[in-house]
Amino acid sequence: MSKNTEIAKIFDQIASMLSILDENPFKIRAYKKAALNILELNEEIEDRVSRDDVTDIPGVGKELANKIKEYVETGKIEEYHKIQEKVPLEMTELLGILGLGPKTLALLYKELNVRSLEDLEKVLDGDEVLNFKGLGQKKVDEIKRGIPLLKESRERTHLGKALPLAESIKKEVENIKGTEGTIVAGSIRRMRETIKDIDILTISDNTEKTVKEFTKLPFVKEVLASGSTKGSVITNEGIQVDLRVVGPESYGGALQYFSGSQAHNVKLRTIASKNGFRINEYGIFKGEEKVAGETEKEMYGTLGLPLIPPELREDRGEIEAASEGRLPDLIELSDIKGDLHMHTKWSDGKATIQEMAEKAMELGYEYIAITDHSPSSTIANGLSIERLNEKRLELREINKKIKGIHILMGSEVDIKTDGSLDYPDEVLKELDVVIASVHSGFKMDRDAITKRILMALENPYVHALGHPTGRLINGREPYDVDIDQLIEAALKHDKALEVNSSYLRLDLKDLHVRKAVDAGVKVIISTDAHRTQQLLQMRLGIGTARRGWVQKKDVLNTLEFGALNEWLKSKK
DNA sequence: GCCGTTTTCGGCCCGACTGTTTTCAGTCG
């Protein structure tokens, strides 16, 4: 875990402990906001400390800057340990229980000596807990129901799993009579790599009835809330789904509000209020008068801004860019002309070359590259040079047989631990597309793994670096590579960095790809598909790229075949 | 605790739902 992540976590926990101590809510928010912005930071916080510009991080003032310095220099923050003498750290986790907030937790802590989850469970089963004002049996039951939920849903859900689920729920909502304009909002609309819950917005003139019917849909396991304009349920998969129902006159306001992010909305509302406007989920108001609300475009337009694409709404400078007329013209799925990274039965894929090609044609692609593994990836059935040559013959035959798509001969070549590549140069030279990737030795130290990858980028026959940080979302930490050096080297040697669209990877991630294209590095967005259906995951990579402010001009596989091929051949 | 083309002090986004209230507090997003 990087220092950034560690410090953000500590600040977040301090915020939680302060909330249980009933401290100034704005102080609590200050800690939370700082934590968020440190996570968003696209560089190592140690570098900030050594340059002495920690306070340039939004939400970090003198006090928090000192704590950051203290952590970087000594490895701990005294304040953090001091507060723990008042509130045990374990208590902060209990805040994750649905329906249990800081006030109730403070009460249980003070009056009934709750110090842990175990204590809490005991207390909830006793009678004493009912002796307090504002705490009844229903509340106790709600908290009890929340405990197993906390245990099972620690992790956020992968976008690649949540998106199809959200789309199927959207269809069911569309089937409710009288609904219109149903849309998936929230972090899914922003294409965040993981999501906590599914947010659906719909229009209806009988909002209460629509919410009622929603809570009775077959996928609903449990109803958390059901009111006159919104409902919350848990699905059989254990994911929370929130439905918001509004009239057509408020659709834009609700969509804007419901798409978030929270940070984006808070900033937008703060700016609006400085200009005499008030924003809520029904629209924009000047005094009592409603001045916008029907469409999102109108909402942003009223504030003098162009419509900001959902993927950018993270308070990462998009509002400033919008007001200065320099929003990027984001890449779209339809810009993609081909897919340069996929596997077939020749290594660990499930489909043949021909099947992959036919699927790619369905998607309207001009070209694909078949990039099976190299020999060192033995568990992935990597190809020996002999099998590589056999594969080339088959590929040539299919190219003759199938018209309308160019099938390129490629390989995803292992970068070995010493930085050398898994095929000799004279073999690499004969390939149309060479993607170099790390598949082993993830634990090397920063210096070593960075040097190792830099060596691969220096090889003249390499086109792109595959899944550059090696992370698996919710599964494996990225290897400790210096991303700045990778970007520098990619630029110097004219190599592409990959945005791998596999929902488990999404690597480069949004912040990194933004840094890369800012520096002028080209990227490829590819699926790493191991079966035909996975070619459709391209949209996840596009989402990640859009979150990274990527434009069509930054992406090599938006080029027509001729132009792409010219670039590929420049590496020979 | 942060921050400043309204401010270095006095603000800090805004509303829905629920439960235990008889006008609101707590929680959530």
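Just so we're on the same page: letters track the sequence lines, and every chain starts at 1.
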Can you tell me, in whole Å, how much space there is between the C1' of B/dT21 and that of B/dT27?
16 Å
Result for 5'-nearest mapping on DNA chain B, choosing between A/Leu105 and A/Gly227, is A/Gly227
5'-most to 3'-most nt of DNA chain B touching chain A (<4.0 Å, heavy-atom partner on protein side) reads B/dG1 to B/dG29
- Could you check if a side-chain atom of A/Ile525 sits within less than 4.5 angstrom of a side-chain atom of A/Ile331, using non-hydrogen atoms only? yes
Next on the checklist: Counting the atoms with a prime plus P, OP1 and OP2 as sugar-phosphate, which does A/Lys32 contact under 4.0 Å by heavy atoms, base, sugar-phosphate, or nothing?
Outcome noted: nothing
| Separation between the P atoms of B/dT5 and B/dC12, rounded to whole Å | 16 Å
Quiz item: Looking only at atom C1', what distance separates B/dC13 and B/dC28, rounded to whole Å?
Solution: 14 Å
Practice prompt. Can you tell me, in whole Å, how much space there is between the C1' of B/dT8 and that of B/dT18?
Written response: 42 Å
Contact check, side chains of A/Glu298 and A/Gln256, non-hydrogen atoms, under 4.5 Å: no
- Message: Pairing donors with acceptors under 3.5 angstrom, does anything connect the side chains of A/Ser2 and A/Thr5?
- Response: yes
Point to revise | A/Glu281/A/Lys230 salt bridge by N-O under 4.0 Å criterion | key: no
As its Watson-Crick or G-U partner within any shown strand, both distances under 3.5 Å, B/dT8 has none
With distance as the sole criterion, is a donor-acceptor pair present between the side chains of A/Arg192 and A/Ser187 under 3.5 Å? no
The answer to which of A/Gly136 and A/Ile57 contacts DNA chain B further toward the 5' end, by nearest nucleotide, is A/Ile57
Here the ring-ring contact (aromatic ring centres under 6.0 Å, His included) pairs for residues 190-245 of chain A, sequence neighbours left out, are none
So A/Lys62, base contact, sugar-phosphate only, or nothing? Heavy-atom distance under 4.0 Å. sugar-phosphate
